[in-house]
J.: 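The structure's right below; bear with me while I get my questions together.
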Amino acid sequence: MTSAIQVVDLRKTFGRTKALDGLDLEVDTGEIHGFLGPNGAGKSTTIRILLGLMRADSGAVSLLGGDPRRDVETLHRRLSYVPGDVALWPNLSGGEVIDLLGNLRGGLDERRRAELLERFALDPTKKSRTYSKGNRQKVALVAALSSDVELLILDEPTSGLDPLMEAVFREAVRDFRDGGGTVLLSSHILGEVESLCDRVSIIREGRNVESGTLSQLRHLARTTVGAGLERPVAETDLADLSGVVDLVITDHELHCTVETAHLGALLERLGRHGIRTLTSAPPTLEELFMEQYRTPEVAGPR
Amino acid sequence: MTGLSGTASLLRLAARRDRVLIPTSALALVVVVAGSAQATVALYPDESAALAPLRAVLANPALTALYGPITSESLDSFATFKTILTGAVFLCLLAYVVVRRHTRTEEEEGRLELLGAGAIGRRAPLAAAVLLGTAAVLGTALLTMVGAIAAGLDRTGSVALGVSWIVMGLTWVGVTAVAAQLTETARGTAGFALGALALAYLLRALGDVAADDSPLHLLTWLSPLGWGEKVAPYGANRFWLLAVGLVAYAALLVGAFVLQSRRDLGAGILPSRVGPARGRLHSSLALTLRLARGTLAGWFVAFVVLGAVVGSLAGNVQSFLDSPETADLLRKMGGSDGSIVDTFFATEIHVAAVAAAALGISLVTRLRTEETAGRAEAVLATAVPRRRWALEHLVVAMAGTAVLMACLGVVAGALDSGRTGDVAGSIGRLSGAALSTLPAVWVCIAVAAVLIGVAPRFTGVSWAVLIAFFTLGEFGDLLGLPSVVSGLSPFAHLPSLPGGETAVGASLVLLGVAALCAAVGLEGLRRRDLPFG
């Protein structure tokens, strides 16, 4: 497996703010890679460095095997970029902008352009100033997806799209991946990440806190457990178990959350007290992200 | 149900938002009219002696087209000749800005929707905007009237001046109210209201310069600006024209409210304009030119007009400026040592060069505008190298100013050939003189490029630099500043052409400075982060 994007120990400071503080990121060729993190975590800065728009203070960046600052012209012919806040030239029509951006990248696939316009239900004759946010994003998406490129870099590209268009977007991105393309998708929309991404990287305060497939990440997160027991259990009985938190015991009832990796050990211990009823809920995606966004460092085995 | 409920509170809101715009504009107009009138009166203590030589100048069709005919041969009339019509145009612009701002702009940006959901009548926003626009026009006209009287001008004439402005200003309140109903966008409103203003100005210009016995003469009466002009303050003082203005105002307002009742919120009476579905822009240079197109076209027209005025005035200048003091003044303001006419040309060309530099700065600073708007990112994420993108903007700015100066020179030369009788010679002399200013113009553009590349946050300082260069270059000698100080301005090193010595060495140095600054700016831009800050 080759890497489309490889970032090692990337650092970038704006004045006193550390935007990136030793970020690592690896995107394999042919995958859709989710790039997640709270606002201000450094996602857009990373993307701008990948695009050669900004210069990193230190660290190594390889994009499609090249150097993003040196090989601008050749690399940018092989990738498309959609920013989160799409700004267009107000007096150009949507069609003109799509063709302009396509031409600047070295040409468009006419058939795909027509097909995408239809699927996104976008009127290309309207002037850009009259487009809503969602329609501006559609213009940028059509331009990006109908270019003949190997890599898509998408920075929160769907925040203005309605659910129907979101579905069109997902389908188009999957088609692109199935055609051998690689996608780096920065997103806050968990449903989008869950349905699209092969792997995700979560960053926080300019550092990578977790990378892997969603099921790998789930394994690191906590499961909620509720049990009714035959014999009462005391907190001290469970004190030596690692990964158990939020413990609430009332008589024969127990509620807690446990790191999924330690679930087995907990159940084994509870078994000694006679389990009468048991509920266990795996972490929702939302809980997973909330936890990763909040905790500074994730403990536990990788 | 009148649909007017809430008008008062909307009016208060609108007045609050415009509490700086309206008073400062009104005050500026008053100061310009009263101030320049007073200065003129002070200049000519002896009325009859002064006016005789001026008559020939004032009869010049170029001046009549610009300012309207002089209303009488009194000093008061002469003192307000240049400010009545131009001031009225600015008053119309104020009326247009106020009305558009509180109608279509609000609607387009969705704020009216927010208000409309409250207890606000359907007609209230338009009514509030019209009331505020009307108040702005009446207030400005009355203040100017008082100002003119205070400056010592004839009372009846000053009242007529106020009436003339009310006729024109109120008509534009009405025109803009109608225009705001026509299209979906504030830009469309601007197109209609300003287009109508330009048309009205043109119609009266054609009518004014037509011979008295020609039917074209009646064109002035087709233009609302013509009605205001025909009030003829300090001349015929035709107060009855106020009725014409009020009828037009009322008719336009009725029209606006009827149109408004026939359309939905956010919609326009006319279908919105669409663009092409396919684009023909194939390169970043094509995009840069496309973005500059509108600005360049506007400036091109302005420079052709300027060239025509300068060229056609030259004949009159001879008689007008036959006093040694005025000639000396012109010479100090960067004129040449040649004949008085050459001095006049050199002065005008140098002032035009400063204007061209302003255009150049506005074109090159688009680099920064595109960056902060986020559009540069979209272009630079494609296969366009940053240095090429920046260089293209720089070249378009420099070439654009060159084209403007050349066209100024050619038009002025062509018209001046009526005086000299040598077409090729006149055009060659004046276009050469116009082009000789380019090194200084390009230095200004290159300085802006340095700021964009090295200190992007301070891009706006390029305008301050231009003003400083202008002041030092044009008035440095006049103010008695040492040449080291005034020499900081590139305009101070320009040759005094036509008529003076060419300054090849100084021009080459200026070109070198421009090239160096451009290189520094481009390299700075290439190295820095984008977007910056």
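Reminder, nothing fancy here: chain letters follow the sequence lines and each chain counts from 1.
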J.: Quick one: does B:R187's side chain get under 4.5 Å of A:K127's, heavy atoms only?
T.: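 B:R187 does not reach A:K127 side chain to side chain.
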
J.: Output the option from B:R290, B:E108, B:R528 having the highest count of non-hydrogen pairs under 4.5 Å with chain A.
T.: B:R290

J.: With a 4.5 Å cut-off on heavy-atom pairs, point out which of A:L51, A:L117, A:L88, A:D85 contacts chain B the most.
T.: A:L88

J.: Measure the spacing between CG of A:N91 and CZ of B:R293 and express it to the nearest 0.5 Å.
T.: 8.0 Å

J.: May I ask you to decide if A:N103's main-chain N or O and B:H282's side chain share a donor-acceptor pair within less than 3.5 Å?
T.: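 No, because the side chain of B:H282 does not come within donor-acceptor range (under 3.5 Å) of the backbone of A:N103.
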
J.: Select one option (side chain, backbone, both, neither) describing which atoms of A:R105 are under 4.5 Å from chain B's heavy atoms.
T.: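 Looking at A:R105, backbone and side chain both touch chain B.
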
J.: Does a sphere of radius 6.0 Å around CZ in B:R280 hold more than 12 heavy atoms from other residues, nucleotides or ligands, not counting ones at 6.0 Å or beyond?
T.: no

J.: Would you say the side-chain atoms of B:R386 pair up with the backbone N or O of A:G52, donor to acceptor, closer than 3.5 Å?
T.: yes

J.: Look at atom CG of A:D148 and say whether more than 12 heavy atoms of other residues, nucleotides or ligands are closer to it than 6.0 Å.
T.: no

J.: For B:R278 and A:E110, what are the C-alpha separation, side-chain angles and deciding distance, and is it a salt bridge (Lys or Arg N to Asp or Glu O under 4.0 Å)?
T.: CA-CA 11 Å; B:R278 298 308 310 251; A:E110 286 296 325; 2.8 Å; yes

J.: Give, as side chain, backbone, both or neither, the part of B:E184 having an atom under 4.5 angstrom from any heavy atom of chain A.
T.: neither

J.: Heavy-atom pairs under 4.5 Å with chain B are the metric here; pick the option from A:R113, A:R78, A:R69 that has the most.
T.: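 Counting heavy-atom pairs under 4.5 Å, the top option is A:R113.
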
J.: Tell me, out of B:P276, B:S284, B:G294, who's got the most heavy-atom pairs with chain A below 4.5 Å.
T.: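 The residue among B:P276, B:S284, B:G294 with the greatest pair count is B:P276.
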
J.: At a heavy-atom separation under 4.5 Å, does B:A381 approach chain A through its side chain, its backbone, both, or neither?
T.: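 Both the backbone and the side chain of B:A381 come within 4.5 Å of chain A.
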
J.: On a heavy-atom basis, which atom in A:E73 and which in B:P385 lie closest, and how many Å separate them?
T.: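 Nearest pair, atom of A:E73 first, then B:P385: OE1-CG, 3.6 Å.
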
J.: Is it the side chain or the backbone of B:R527 that comes within 4.5 Å of chain A heavy atoms, both, or neither?
T.: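 Both backbone and side chain of B:R527 come within 4.5 Å of chain A.
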
J.: Is there a donor-acceptor pair under 3.5 Å between the side chain of B:T382 and the backbone N or O of A:L101?
T.: no

J.: Nearest heavy-atom pair of A:T125 and B:A277: which atoms, and what distance?
T.: CG2-CB, 3.7 Å

J.: So what's closer than 4.5 Å to chain A heavy atoms on B:R526: side chain, backbone, both or neither?
T.: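 B:R526 touches chain A through backbone heavy atoms alone.
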
J.: Against chain A, work out which of B:V274, B:V379, B:V384 has the most heavy-atom pairs shorter than 4.5 Å and name it.
T.: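 Looking at each option in turn, the highest pair count goes to B:V274.
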
J.: So, for B:P531 and A:M54, which heavy atoms are closest and what is the spacing to 0.1 Å?
T.: O-CE, 3.4 Å

J.: Which answer fits B:L530, side chain, backbone, both or neither, if we ask what part of it has an atom under 4.5 Å from a heavy atom of chain A?
T.: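 Looking at B:L530, backbone and side chain both touch chain A.
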
J.: With a 4.5 angstrom heavy-atom cut-off, which part of A:S80 approaches chain B: side chain, backbone, both or neither?
T.: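 Neither part; nothing is under 4.5 Å.
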
J.: With the side chain counted from C-beta on, respond yes when B:D529 and A:K12 share a heavy-atom pair under 4.5 Å apart, and no when they do not.
T.: yes

J.: In Å, rounded to the nearest 0.5 Å, how long is the span from CD of A:E96 to CG of B:L287?
T.: 10.0 Å

J.: Looking at A:R77, A:K126, A:R55, which has the largest count of heavy-atom pairs under 4.5 Å with chain B?
T.: A:R55

